[in-house]
Amino acid sequence: MTTKKRVAVLISGRGSNMTSLIEAARASDYPAQISLVVSNRPEAGGLERARAEGIEAVCVDHRAFADRENFEREIDRKLRHAAIEVVCLAGFMRVLTPWFVTRWVGRMINIHPSLLPLFRGVRTHRQALDAGVRVHGCTVHFVLPELDAGPIIAQACVPVHPGDGEDDLAARVLVEEHRIYPPALASVAAGEAVLEDGRCVFHVSPRG
Ligand code: GRF
């Protein structure tokens, strides 16, 4: 068994995706360990949740920094101090600059609540309802400088039912987010899914 990759999860809120990664990482054969949680908001519920699991969880409050670059430099410093090898964005609501993304490219992944390349940005469930799609879903992807545009590692879809509102869709998609993020991280951490020439290449079949 090779050593587990040291993973940081970046959050802004309740951290239910973070929790799904923490729970998956308890398995002895899981190729990653959640070593650090960083929130840009002090009130993020995920911080307490992570601490309850014995995981170091810190706040880097973006409002305390003069600009985005200094905010990101502090996050980067914390990641390096903790010897982080892979970064998972999980409901992290700050757009990252090309400077930060470039430093972590190929080693940073995100979960987005839509079937990319459809519905980038925010309010994806509203966007799906407005578009009238009959299926919706979520995507785990490598992070590139362009927002929500990175190569796809995993996706899952859910039906859109007549009469659905944003909350109905969000709840249905979230179940799938929790299901697909852990195996996607495992594929990346184990070196099975790799960012190559701007695409996600699987050297071993996708997990999950
Ligand atoms: C998830 O839907 C995620 O895809 C989106 O924000 C939400 C975060 O939820 N980017 P949680 O904090 O993981 O519970």
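Numbering of ligands and ligand atoms starts at 1, following listing order.
When hydrogens are left out, the protein atom nearest atom 11 (P) of ligand 1 is Ser16 N, 3.4 Å; that is the closest non-hydrogen contact. Looking only at protein heavy atoms, the nearest one to atom 9 (O) of ligand 1 is Arg14 NH2, 3.3 Å. Nearest non-hydrogen protein atom to atom 6 (O) of ligand 1 is Gly91 CA, 3.6 Å.
Identified under the salt bridge (charged side-chain N to carboxylate O under 4.0 Å, His left out) test for residues 116-136, with sequence neighbours left out: Arg120-Glu146, Arg123-Glu166, Arg126-Asp130, Arg126-Glu166.
Note: no N/O pair closer than 3.5 Å links His112 and ligand 1 by distance alone. Geometrically, ligand 1 and Gly15 share a nitrogen or oxygen pair separated by less than 3.5 Å.
Residue contacts with ligand 1 do not include Ile11, since none of its heavy atoms lies under 4.0 Å from the ligand.
Partners of His62 by side-chain contact (heavy atoms from CB on, under 4.5 Å), not counting sequence neighbours, listed by chain and number: Asn40, Phe71, Arg94.
No donor-acceptor distance shorter than 3.5 angstrom exists from the side chain of Arg6 to the backbone of Gln33, with no hydrogens or angles considered. Checking side-chain atoms of Thr124 against main-chain N and O of Ser114 turns up no donor-acceptor pair under 3.5 Å. Looking only at distances, a side-chain donor or acceptor of Ser12 sits under 3.5 Å from a matching main-chain atom of Met93.
For ligand 1, the atoms sitting less than 4.0 Å from at least one non-hydrogen atom of Glu177 are 1 (C), 2 (O), 3 (C), 4 (O), numbered in the order shown with element in parentheses.
In terms of heavy atoms, Gly121 sits closest to His112 at O-CE1, 3.2 Å.
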